[in-house]
Amino acid sequence: MELPRLQPLYETYKDQGFNVVVVDGKRQTDLATKFIEKHGLTYTALENGEDDAEVVKNVFGVQSFPTSFLIDREGRVMYSHLGFEAGDEEHLAEEIESLL
Amino acid sequence: MKKMLLAAGLLILLGMMLSCSNEAPVDAVDPIEQAWTDFRAEYGELESTEEKLPLIQAFMREHPDTEYAGMLAGAIAYYQGDEMEDPEGAYLLLAETLTKNTDPESRYQIGMAMFPLAMETGATMDLGAVAEELAATRELKFGEMIDVADTALAHDQWEVGATYAEAAMGKATAEAFLADYPDDDYTAEEAADKADRRKAMSLADLGWAQWNLGQTDEAMATFEEAAPLRTVDYVGAADTPLDYYRGRAMLASGDAAAAMELLTAGAIMGSDDDSMAALREAYAEKNGGNDGFDEWMWSQRETLAKAVDGFSLADYESNPQDFSALSDGKVTLLAFWFPT
């Protein structure tokens, strides 16, 4: 997962009311925290829950990683994205700008 | 659709590499295992494609006759063929590796990664032969059959697509699903759901192959059979290619309105460029041009958008975080990932 590619988007738009929340779907705490620290990721990072608190599959039905949802200011899911390839940043930026 | 297949291949690769990293420490005296351990450690430190690709290429060249060459074939296709826009170089490296690899499983993985590159570069390659070679050593799994069918359809290999979609249908039962996952604890109801999903995927591929083979009546009947099995993802788009294939068939048969109905959710709420292109085509057909498409698209998105479910999870300092508070009044990107 090219999670660091989200950091510039966060930096660019956060002052306009944009936020990034990432959830580690596999609860690999040590790997995740090292990765986040190494890449200097400053947006919100959460860990998936277990059993009844599991949300990635049970709430969002996510089977493949990375999967992203773009949510508007009213809390509506306006766009979903599977994978994150080079060049996707531009498309995501367009989608973000259209909602800001 | 082709890019999605490629990305999916890389996701599988990363998953395989991750699963390897969770295994017990390897015997340090085995030079190949040591090389693979060293490779993984170095790979994990790299960030860019420019850094990763030479490392992968070097491992492939130095250890072509290993299972790891098969696991890395998808990465060569993705990083060199797609991201670095060098499909010919990627094809040649994989072709060279294939001549030196003797492991049937790896040869299949290399062949599957090579085929799209071969099509892109104009090389001749028989996708069916790739699958037949592995099938000569063991029975193919459902996932392999549907991968061959999907790959064939993405490159207009309709006969191969039909053959493997039909073969996949034979694995679209609860019994076959449970046999593929003997160590997992699925209930009968879960196994039945999984079987229905397999059937939906197989029928979608079979219908599209039939349509392109000129068997239009059979194709429509196949799509009709698949329709009750259609399931959707969180944003309401079909989670198989059924709507896309069926929409393309409707468009080709002149029913642009029906095509738009089928294509809209996948194109507008998802990120599939092929669905969006087909939707634009259907819109233009129905409206005599693309004028007003963007406005119409936004109105559809407003209609289809659903309120995100609330949830609370802990951050890495064990503090509970409520998503509704984090996203309140903001445009929010919610991304699900795992570290590799």
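In what follows, every chain begins at residue 1, and chains take the letters A, B, ... in the order their sequences are listed.
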Side chain, backbone, both or neither: which part of [X] has a non-hydrogen atom closer than 4.5 Å to chain B?
X        : result
Val20(A) : both
Asp72(A) : backbone
Lys38(A) : side chain
His39(A) : side chain
Thr29(A) : both
Ala53(A) : backbone
Val62(A) : side chain

Report the C-alpha separation of Phe18(A) and Lys330(B) in whole Å, then their side-chain angles, then the decisive distance to 0.1 Å, and conclude whether the side chain to side chain contact (heavy atoms under 4.5 Å, CB included) test is met.
CA-CA 5 Å; Phe18(A) 175 63; Lys330(B) 294 180 179 177; over 6 Å; no

Atom group of Tyr316(B) that falls short of 4.5 Å from chain A, counting heavy atoms
both

Under 4.5 Å from any heavy atom of chain A - which part of Ala307(B):
both

Of Phe35(A), Tyr43(A), Phe65(A), which is the lone residue that meets ring pair (Phe, Tyr, Trp, His ring centres under 6.0 Å) with Trp337(B)?
Phe35(A)

Distance check, rounded to the nearest 0.5 Å: [X] atom [atom1] versus [Y] atom [atom2]?
X         : Y         : atom1 : atom2 : answer
Met78(A)  : Thr332(B) : CE    : OG1   : 13.0 Å
Asn58(A)  : Phe311(B) : CG    : CZ    : 13.0 Å
Arg76(A)  : Leu304(B) : CZ    : CG    : 11.0 Å
Ser80(A)  : Ile268(B) : OG    : CD1   : 12.0 Å
Asp233(B) : Leu82(A)  : CG    : CG    : 9.5 Å

Solution key, residues 92-100 of chain A side-chain donor-acceptor pairs under 3.5 Å, sequence neighbours excluded:
unit_1   : atom_1 : unit_2    : atom_2 : d
Glu95(A) : OE1    : Arg301(B) : NH1    : 2.7
Glu97(A) : OE2    : Tyr13(A)  : OH     : 2.4
Ser98(A) : OG     : Glu95(A)  : O      : 2.6

Walk me through whether Val308(B) and Phe69(A) qualify under side chain to side chain contact (heavy atoms under 4.5 Å, CB included).
CA-CA 9 Å; Val308(B) 67; Phe69(A) 298 119; over 6 Å; no

Answer whether the closest heavy-atom distance between the side chains of Asn19(A) and Leu333(B) falls below 4.5 Å.
no

Is there a side-chain contact between Asp24(A) and Pro339(B), using heavy atoms and a 4.5 Å cut-off?
yes

Do Met269(B) and Tyr79(A) pass the side chain to side chain contact (heavy atoms under 4.5 Å, CB included) test, and can you show the C-alpha distance, the side-chain angles, and the key distance before you say yes or no?
CA-CA 5 Å; Met269(B) 303 304 287; Tyr79(A) 177 71; over 6 Å; no

Answer yes or no: are there more than 12 heavy-atom neighbours, outside Lys199(B) itself, under 6.0 Å from its atom NZ?
no

Non-hydrogen atoms of Leu6(A) and Ala335(B) that approach each other most closely:
CD1-CB, 4.2 Å

Go through it in stages, so that I can follow the logic: the residues are Ile71(A) and Ser327(B), the test is side chain to side chain contact (heavy atoms under 4.5 Å, CB included), and I'd like the CA-CA distance, side-chain angles, deciding distance and then a yes or no.
CA-CA 8 Å; Ile71(A) 297 154; Ser327(B) 60; 5.5 Å; no

Contact winner vs chain B - Thr67(A), Leu70(A), Val23(A), heavy-atom pairs under 4.5 Å:
Val23(A)

